[in-house]
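Okay, so here's the structure we're looking at.
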Amino acid sequence: MHDIKAIRDDATAFVRGLQRRGLDGQAVANDLLEKDKALRELLVRLQNSQARRNEASKLIGQAKAKKDEAQAAALMAEVAGLKDDIQKGEAEQREREETLKNALAVIPNLPADDVPDGADEAANVPMPERAFGTPPGINNAKQHFEIGEALGQMDFERAAKVSGARFVYLKSDLARLERALGAFMLDTHTEQFGYTEVSPPVLVRDQALFGTGQLPKFEEDLFQTSREYMDVENGVFRNSMDRFWLIPTAEVSLTNYVADEILSEAELPIRFTAHTPCFRAEAGSAGRDTRGMIRMHQFSKVELVSITAPEKSNEEHERMTDAAQTILKKLDLAHRVVTLCTGDMGFSAQKTYDIEVWLPGQNAFREISSCSNCGDFQARRMNTRYRPKPYPQHVGFTQPSPGPSPLPINPSPRPVHTLNGSGLAVGRTLVAILENYQQPDGSVAIPDVLVPYMGGKTKIEKPS
RNA sequence: GGACAGGUGGCCGAGUGGUUGAAGGCGCACGCCUGGAAAGUGUGUAACGGUGAAAGCCGUUCGAGGGUUCGAAUCCCUCCCUGUCCGCCA
């Protein structure tokens with residue numbers, strides 16, 4: 001959510017930012033400013049009336065105390081005249097505020113200055129300094145689903161029977177591998193990077209999804225509970241009003257943890273990690289990645305979320321990306337990192353790094369993590385602020401002035417910055433391990449760091 | 001699902017019609033005290049919005065909306081949320 005005051009003061013950065021996203025920034029700004037102006041014109045009139053009413057009400061009290069009934073009656077008549085006006089004005093105010101908010105709610109974040117311009121993923125910019133490893137040479141590399149199905153431990157057909165397309169059963173060692181990966185990732189992030197492990201809700205309310213930016217624009221990507229029930233007496237289905245959404249990523253639960261709060265600066269940064277299932281409708285993805293585990297309705301992911309002071313978020317973004325990459329390095333999986341261009345970034349992000357792992361079976365790099373700095377965009381939507389530390393007025397002077405000490409300056413609350421990243425997508429990491437560690441005999445070696453998590457097992461093979 | 005009880009500032013918690021934006025406490029900040037700290041002590045400390053160069057002035061906000069009233073945190077209605085007990089249940 002953008003700050004209308006900032007746009008009012010100077011719309012040039014706003015207009016330019018939206019243009020870089022391929023939107024008609026000027027038209028958007030004009031529309032917003034028009035709605036803003038309409039609201040403020042109303043406010044000036046309304047507040048004058050309210051001020052007069054308040055003043056008159058006080059005088060009525062005084063007149064009555066003095067038994068000046070004539071004066072009181074005259075004032076009451078005046079207030080009665082204002083009343084209707086004020087009530088209509090207040091209703092109009094709510095309407096215009098709503099109109100403005102609705103318009104603001106669907107405008108994406110502005111790209112950071114150092115984000116490359118471009119229309120789509122073709123314009124993303126590789127970061128050679130973050131690249132790791134060389135793709136292994138594997139003859140006749142198989143795709144992960146061929147490997148998994150041959151092992152008898154990955155079953156899409158039965159999942160389709162039970163749940164439909166884009167679901168999977170993992171069994172025995174592959175099921176354990178998923179669990180091992182989740183535990184390994186969480187351990188790394190908590191022990192090595194100071195994240196706090198969280199087990200969050202995966203069903204959330206509208207407000208949470210508004211906060212992180214999935215609503216109101218991207219409803220079609222989400223699953224929601226319906227709570228339909230049979231009304232036996234009337235023989236019809238009824239839908240109760242309460243409704244939850246399934247999280248498409250733990251970013252929603254973890255980031256909204258601080259919604260509607262004023263944090264103290266000492267609490268920052270807050271770093272959360274969670275391993276959760278994620279649910280995505282994948283509407284509009286028909287025909288894309290239809291085979292295998294790349295694109296599922298339900299998948300497992302370890303998420304990283306940081307809440308920071310504004311001046312710390314860029315640094316935190318690099319740190320978070322390091323944490324995500326560390327997982328791949330420990331697994332010795334070749335990968336590269338790209339900076340997403342303006343046309344490929346998500347709605348809430350001001351800057352995003354995608355980490356792409358090498359998949360020999362696909363002979364391609366595929367996204368396995370996405371780390372975004374959202375700036376204050378989500379914080380404004382969630383109403384999350386922090387109070388900067390108060391400081392004495394003489395800060396900056398070499399000598400404290402004599403006499404009574406000046407009062408300290410208490411800075412106003414400011415929106416925090418929020419960041420989120422996958423650390424990593426567990427399902428896709430499992431895919432990467434199968435394809436990169438596949439052996440000619442159909443078995444799959446287990447990366448060294450995972451061996452303890454696999455009960456000492458060093459390879460996965462078909463049960464005899 | 002049934003029956004109750006509640007929603008007040010960064011937090012806890014008073015407050016049942018008229019300078020109450022709101023006592024008190026905690027927390028926090030800056031002084032004093034101290035060799036330094038703790039303790040003690042003094043002072044300060046709501047958010048959001050409008051207007052203004054600024055100081056300031058004004059408005060809104062005690063879960064949300066509506067109503068009664070000249071005037072509502074306080075009375076009435078509706079809704080939302082939270083808690084407790086019972087029932088069911090991983």
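Letters A, B, ... are given to chains in the order of the sequence lines, protein chains preceding strands, and every chain is numbered from 1.
A:Met382 has its CE atom 19 Å from the P atom of B:A47, to the nearest Å. When the C1' atom of B:C81 is taken as reference, atom CG of A:Asp206 falls 14 Å away, rounded to whole Å. Between A:Asp260 atom CG and B:C81 atom P the separation is 15 Å, expressed in whole Å. Between the CD atom of A:Glu55 and the C1' atom of B:U19 there is a distance of 14 Å, given to the nearest Å. The interatomic distance linking A:Leu43 (CG) with B:G49 (C1') rounds to 7 Å, in whole Å. Distance A:Glu261 CD to B:G9 P: 13 Å, rounded to the nearest Å.
When distances are taken from the side chain of A:Pro413 to each of B:U68, B:C48, B:U60, the shortest belongs to B:C48. You'll find that the side chain of A:Asn54 is closest to B:G59, out of B:G59, B:G10, B:C70. Which of B:U51, B:G10, B:U82 sits closest to the side chain of A:Arg205 comes down to B:U82. Among B:C48, B:G49, B:U60, the nucleotide with an atom closest to any side-chain atom of A:Arg385 is B:C48. Of all nucleotides listed (B:U69, B:U51, B:G67), B:U69 comes nearest to the side chain of A:Lys83.
For B:C4, the paired base is B:G83 (Watson-Crick or G-U wobble, both distances below 3.5 Å). Remark: B:G21 base-pairs with no nucleotide in the shown strands. Criterion, Watson-Crick or G-U wobble with two distances under 3.5 Å. In this entry B:G59 has B:C48 as its Watson-Crick or G-U wobble partner, both defining distances falling under 3.5 Å. Of all nucleotides present, none satisfies the Watson-Crick or G-U wobble test against B:A54 with each distance under 3.5 Å. The nucleotide B:G9 finds no pairing partner, because no Watson-Crick or G-U wobble arrangement with both distances shorter than 3.5 Å includes it. Taking a pair to require two hydrogen-bonding distances under 3.5 Å in either a Watson-Crick or a G-U wobble arrangement, B:A73 remains unpaired. If you check B:G31 for Watson-Crick or wobble pairing at under 3.5 angstrom, you find it paired to B:U41. In this structure, B:U16 makes no Watson-Crick or G-U wobble pair, since no nucleotide meets both defining distances under 3.5 angstrom.
Looking only at atom types and distance, the side chain of A:Ser306 has a donor-acceptor partner in the side chain of A:Glu316 under 3.5 Å away. With no hydrogens or angles considered, no side-chain donor-acceptor pair links A:Asn54 and A:Gln50 at under 3.5 Å. Under the 3.5 Å distance criterion, with hydrogens and angles disregarded, no donor-acceptor pair is assigned to the side chains of A:His189 and A:Thr273.
Contact of the A:Leu246 side chain with the A:Val202 side chain is not registered, since no non-hydrogen atoms from C-beta on lie closer than 4.5 Å. Side-chain contact between A:Leu268 and A:Leu263 is present, with heavy atoms from C-beta onward closer than 4.5 Å.
Within the 4.0 angstrom heavy-atom criterion, only backbone atoms of the sugar-phosphate kind lie near A:Ile262; the bases stay farther away. Note on A:Arg52: nothing from the nucleic acid sits closer than 4.0 angstrom, heavy atoms only.
Residue-to-nucleotide proximity on RNA chain B shows that, of A:Ala51 and A:Ala80, the 5′-proximal contact is made by A:Ala51. The residue among A:Ile4 and A:Val79 whose nearest nucleotide of RNA chain B lies closer to the 5′ end is A:Ile4.
At B:C58, none of the side-chain N or O atoms of A:Arg53 fall inside 4.0 Å of OP1 or OP2 (strictly under the cut-off). OP1 or OP2 of B:C28 has not a single side-chain nitrogen or oxygen of A:Arg387 nearer than 4.0 Å.
Aromatic rings from A:Phe377 and A:His2 are positioned such that their centres are separated by under 6.0 Å.
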